[in-house]
Protein chains: 2
Amino acid sequence: MASSLPGNIQIGTRASRQRQAVLEVLSRAKGHMPAVDIYQKVQKKFPRVSLGTIYRNLKTLKEAGLIEEIHLDEHTHYYEIKTGGEHYHLLCLGCGKVVEFKYPLEYILSNVPEASGFRVLNTDLRFSGYCASCSKNEDSR
Amino acid sequence: MASSLPGNIQIGTRASRQRQAVLEVLSRAKGHMPAVDIYQKVQKKFPRVSLGTIYRNLKTLKEAGLIEEIHLDEHTHYYEIKTGGEHYHLLCLGCGKVVEFKYPLEYILSNVPEASGFRVLNTDLRFSGYCASCSKNEDSR
DNA sequence: CTCAATGCAAACAGTTTGCACGACG
DNA sequence: CGTCGTGCAAACTGTTTGCATTGAG
């Protein structure tokens, strides 16, 4: 498929029901989801849908800039609806809970000399560790 | 950390040559490397070494806290020697160049209300975009 | 001598892709 | 109708694992 320029996406023109379903699942979830979860949700509506289709649509939607792909752990890709404001993730290694938070990183960027001249398009910040309750349990050993 | 640098590793009880080789390759590289690259380097010294061994050692070394696993792109795991000070990555989407930089993130952390009570062990910050020279080429479209 | 670590190959999970058919515009 | 998108299955990639063997301590 010839790569289309940003803005020249045909999401509006030929929107299959499956593609809409993927987008709907993601927007309902209002958080990150792995492809398999999306697959299972979409399957409820379209039992014959295939994982391949899910991946293809995720790719399309990602290229269209509608969704975002993040990697919280190293096995899986997670996807989420691209909201206006960027947010980052706080990941608990104990219970796997993921908390989202916002923070303006422009300041940091301007204080990183190595980044001068760099046109930054994407920012990824993640803290991982143990949440309050998991910390307690960890303490007891 | 109490562990010493390559040449005298103290992880479990046994330090195999292959394990030392992995560590040595990584410390020589003084940067991140994918497992396959490490594999190929180690292979020069131990032609019969297997990828499985590399992965097993990377896992062991990671658990021992000697090396770190980072994900710059979504396909591969990259590994690097854990230095004293944490650093982050500036990734050029054009030429693939990776620049490392340091920045104290404690301040940010203390300003993220969601993180209160959280015991943060690891921090990951990445900026991606186009470096100065790649930006120029991009401009011409 | 013992047991951790190895080599090898087969198994895995997540993701991608080729093909013929179906459906969107 | 012409394509784009789909379902299906098979291929691929990076990583893990079972098993018999080796070798460090």
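Below, chain A is the first sequence line, B the second, and so on; all start at residue 1.
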Starting from [atom2] on [N], measure out to [atom1] on [X] and report it in whole angstrom.
{"X": "Glu63(B)", "N": "dA5(C)", "atom1": "CD", "atom2": "P", "answer": "11 Å"}
{"X": "Gln40(A)", "N": "dG14(C)", "atom1": "CD", "atom2": "P", "answer": "11 Å"}
{"X": "Arg19(A)", "N": "dG7(D)", "atom1": "CZ", "atom2": "P", "answer": "12 Å"}
{"X": "Ile54(B)", "N": "dA5(C)", "atom1": "CD1", "atom2": "P", "answer": "15 Å"}
{"X": "Phe46(B)", "N": "dC8(C)", "atom1": "CZ", "atom2": "C1'", "answer": "18 Å"}
{"X": "Asn57(A)", "N": "dG7(D)", "atom1": "CG", "atom2": "P", "answer": "9 Å"}
{"X": "Tyr39(A)", "N": "dA13(C)", "atom1": "OH", "atom2": "C1'", "answer": "15 Å"}
{"X": "His71(A)", "N": "dG14(C)", "atom1": "NE2", "atom2": "P", "answer": "16 Å"}

Is any side-chain N or O of [X] closer than 4.0 Å to OP1 or OP2 of [N]?
{"X": "Ser16(B)", "N": "dA24(D)", "result": "no"}
{"X": "Arg17(A)", "N": "dA23(C)", "result": "no"}
{"X": "Gln18(B)", "N": "dG7(C)", "result": "yes"}

Checklist entry - What string of B, S and - do you get for nucleotides 8-18 of chain D, 5' to 3', if B is base contact, S is sugar-phosphate-only contact and - is no contact with any protein heavy atom under 4.0 Å? => result B-----SBBBB

Sequence-distant partners of [X], salt bridge (Lys or Arg N to Asp or Glu O under 4.0 Å), two or more places apart:
{"X": "Arg28(B)", "answer": "Glu24(B)"}
{"X": "Lys62(B)", "answer": "Glu69(B)"}
{"X": "Asp37(A)", "answer": "none"}

Checklist entry - Relative to the ring of Tyr78(B), is the ring of His32(B) parallel (under 30°), tilted (30 to 60°) or perpendicular (over 60°)? => result perpendicular

Next on the checklist: Test of understanding: with side chain to side chain contact (heavy atoms under 4.5 Å, CB included), list the residues that count as partners of Ser50(A), not counting sequence neighbours.
Outcome noted: Thr53(A)

Next on the checklist: Counting the benzene-type ring for Trp, do His89(B) and His87(B) have ring centres under 6.0 Å apart?
Outcome noted: yes

Checklist outcome for this item: Residues pairing under side chain to side chain donor-acceptor pair (under 3.5 Å) where one sits in residues 105-115 of chain B, two or more places apart or in two chains, turn out to be none

